[in-house]
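Below is one structure; the comments refer to it alone.
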Amino acid sequence: KKNNPVLNLLANASSTTRTNLYSVSGLDATNFNRLIGELSVNNFIRLSTYDIIPTEKFFNTFKKIDKSIEIDPEVTLNVSI
């Protein structure tokens, strides 16, 4: 288990590409697409032609997360946002 690298990357970037997020995620394509879909539907990210942009809602929520807790990204996908 480890802290979610997708969330960490989004928290430290004004934008990133889908390819960058996918490469750090450790997820297969199906689960990665589910994660991006959930983040988008719940307004944590905005999608543009080439970029994924974290929203103010994402940054405000990320500040509240206890970073000392280790999470498993596969388990995270089973939790409804």
Side-chain angles (χ1 to χ4, degrees):
K1 293 180 182 181
K2 58 187 174 183
N3 288 316
N4 193 314
V6 171
L7 299 182
N8 290 332
L9 180 58
L10 287 171
N12 292 298
S14 57
S15 69
T16 189
T17 64
R18 187 179 191 91
T19 303
N20 285 344
L21 278 182
Y22 181 64
S23 67
V24 302
S25 73
L27 299 171
D28 63 32
T30 301
N31 283 324
F32 177 76
N33 289 332
R34 283 181 54 214
L35 175 62
I36 294 303
E38 286 293 322
L39 291 172
S40 179
V41 165
N42 289 286
N43 300 312
F44 289 108
I45 59 171
R46 285 185 304 121
L47 304 173
S48 73
T49 305
Y50 300 105
D51 293 324
I52 294 176
I53 304 151
T55 63
E56 185 175 341
K57 179 180 178 181
F58 171 83
F59 288 114
N60 290 336
T61 303
F62 189 79
K63 289 177 194 174
K64 297 176 183 177
I65 295 172
D66 181 353
K67 313 305 186 291
S68 67
I69 296 173
E70 293 183 355
I71 58 173
D72 182 341
E74 295 290 337
V75 173
T76 304
L77 292 175
N78 294 323
V79 177
S80 180
I81 298 175

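- Here the closest heavy-atom approach between residue Ala13 and residue Phe59 is recorded as O-CZ, 3.8 Å.
- Lys64 has its side chain out of reach of Asn60: every pair of non-hydrogen atoms, C-beta onward, lies at least 4.5 Å apart.
- Every side-chain contact (heavy atoms from CB on, under 4.5 Å) that Ala11 has, sequence neighbours left out, goes to Phe58, Phe62.
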Side-chain donor-acceptor distances from residues 43-51 under 3.5 Å, at least two apart:
unit_1	atom_1	unit_2	atom_2	d
Ser48	OG	Asp51	N	3.1
Ser48	OG	Asp51	O	3.3

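- Closest approach of Asn42 and Lys57 over heavy atoms only: O-NZ, 2.8 Å.
- Separating the OG atom in Ser23 from the CZ atom in Arg18 is a distance of 12.5 Å, to the nearest 0.5 Å.
- For the atom pair OH of Tyr22 and CG of Asn31, the computed distance is 9.5 Å after rounding to the nearest 0.5 Å.
- Ile65 and Val6 fall within a single hydrophobic cluster, where Ile, Leu, Val, Met, Phe, Trp and Tyr are joined by side-chain heavy atoms under 4.5 Å apart, directly or via other members.
- Asn20 pairs by the side-chain contact (heavy atoms from CB on, under 4.5 Å) definition with Leu9, Thr16, Thr17, not counting sequence neighbours.
- Partner of Leu21 under the side chain to side chain contact (heavy atoms under 4.5 Å, CB included) criterion, chosen from Ile52, Leu27, Leu35, Leu39: Ile52.
- Without hydrogens or angle criteria, Ser40 side chain to Ile36 main chain gives no donor-acceptor distance under 3.5 Å.
- Test Ser15, Pro5, Pro54 against Leu10 for side chain to side chain contact (heavy atoms under 4.5 Å, CB included) and you get one pass: Pro54.
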